[in-house]
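In what follows, every heavy atom counts, from backbone to side chain, and hydrogens, waters and symmetry copies are set aside. In listed order, ligands and their atoms are each counted from 1.
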Amino acid sequence: MNVEELNKCWSTGHALEFFGKTPEFAAAKMRHSSGAELEVGLYGGQVLSWIVGGRERLFLSQKADFVRGKAIRGGVPIVFPQFGSGTLPAHGFARTSEFFVRQTSVEEGGRVNLTLGLIDSAETRRVWPHNFSLSLLISLGEDLYMELLVENTGAKALEFQSLLHTYFSVPDIRAVRVRGFEGVSFSDFLNGGRESVDNLNDRPITEQTDQLYIDAPDFAAILDEASCPLFQVEKERFGDFVLWNPWIEKSAQMADLSPNDYLKFLCLEAGNVRSKIALSPGESFTSSQRLMVI
Ligand code: TA6
């Protein structure tokens with residue numbers, strides 16, 4: 001569907017309308033009565049912008065590639081059905097697939113809802129021989145609620161990983177802290193997956209960080225250097241959190257990041273990584289995150 005067709009079929013007026021993010025990339029613009037605004041690209045089903053209180057709250061690289069087949073650096077990439085490297089392309093194919101609109105609505109209380117869909121295709125089945133149906137609910141109120149429903153529509157069992165790879169915009173990574181992981185076991189991807197327990201109450205980020213917090217509590221927060229909360233993340237039926245910042249050297253190797261971009265974002269990612277989700281034919285699984293600006 002082109003933008004005109006999308007608006008004809010799905011626009012709810014000022015609260016939700018479609019536009020061309022680029023000439024080739026259609027996106028939804030969602031507006032809440034609180035003044036919060038959201039942009040969601042149909043490519044990848046990816047939240048690209050979240051404005052609260054007149055300020056952008058997500059990081060989107062100025063050098064992000066809006067090219068089909070490539071992942072867009074920033075916002076909230078959808079990681080499915082694989083996390084990281086493996087038999088599929090890194091982080092799976094969802095983030096480089098074209099989603100379609102399943103539903104749009106504006107609730108009486110003013111929440112603006114967009115549900116996007118992705119189903120298996122000859123292209124996905126070639127790399128992942130399963131039938132599936134994804135529904136991604138993106139709900140904008142004073143918070144941002146995202147819910148991922150995965151259904152096994154095939155005749156054989158399947159297993160998947162899923163994760164919402166949120167790039168939170170921060171003033172300076174050297175001044176933020178992460179709260180919620182004290183006493184939680186984590187696997188350090190930069191140290192061969194070595195597992196240890198985080199013994200910090202409010203964890204600073206002082207170097208390249210790439211850690212999987214296993215069976216993590218459902219609440220985590222990003223704080224400023226005065227330990228005042230910037231963001232709160234509440235996850236449900238996502239077992240883990242991933243914490244990532246590439247820092248200086250890794251950033252320098254990433255063509256879609258500018259050298260100092262590492263200072264401007266922290267990825268705090270709710271996901272099912274350590275334990276894959278298994279679905280028998282006809283079964284489905286729903287997981288969600290709620291992001292709040294504090
Ligand atoms: O979520 C952390 C991570 O797996 C890091 O290892 C890093 O690769 C990051 O995701 C970004 O991955 P991408 O494929 O988008 O460059």
Can you classify the ring geometry of [X] versus [Y] as parallel (below 30°), tilted (30 to 60°) or perpendicular (above 60°)?
{"X": "F231", "Y": "F168", "result": "tilted"}
{"X": "F80", "Y": "F93", "result": "perpendicular"}
{"X": "F181", "Y": "Y213", "result": "parallel"}

Determine whether a donor-acceptor pair (N or O, by modelled atom type, separation under 3.5 Å) exists between the side chain of R31 and the backbone of H14.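 Confirmed, R31 side chain pairs with H14 backbone.
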Does the protein put a heavy atom under 4.0 Å from atom 8 (O) of ligand 1?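 Looking at atom 8 (O) of ligand 1, one finds that no protein heavy atom lies closer than 4.0 Å.
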In the protein, what heavy atom is nearest to [atom], and what distance, to one decimal place, separates them?
{"atom": "atom 6 (O) of ligand 1", "answer": "D210 OD2, 2.6 Å"}
{"atom": "atom 16 (O) of ligand 1", "answer": "R73 NH2, 2.9 Å"}
{"atom": "atom 1 (O) of ligand 1", "answer": "E269 OE1, 2.7 Å"}
{"atom": "atom 14 (O) of ligand 1", "answer": "R95 NH2, 2.9 Å"}

Under a 3.5 Å cutoff, is there a donor and acceptor pairing between the side chains of S187 and R194?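 Judged by distance alone, the side chains do not pair up.
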Taking atom types as modelled, find out whether S169 and R57 have a side-chain donor-acceptor pair closer than 3.5 angstrom.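 Checked: S169/R57 side chains show no N/O donor-acceptor pair below 3.5 Å.
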Do H165 and ligand 1 have an N or O pair less than 3.5 Å apart?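 Indeed, backbone or side chain, H165 has an N or O that close.
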Would you check whether H91 has a nitrogen or oxygen atom less than 3.5 angstrom from a nitrogen or oxygen atom of ligand 1?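 Min N/O separation from ligand 1 is below 3.5 Å for H91.
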Using a 4.0 Å cut-off to any heavy atom of W244, which atoms of ligand 1 qualify?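 Those atoms are 2 (C), 5 (C), 7 (C), 9 (C), 11 (C).
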Identify, by atom number and element, the atoms of ligand 1 in contact range of F83, meaning under 4.0 Å from any of its heavy atoms.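 In order of numbering, the contacting atoms are 1 (O), 4 (O).
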Do the charged groups of E225 and R177 touch, with an N to O distance under 4.0 Å?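 The answer is no: the pair does not qualify as a salt bridge.
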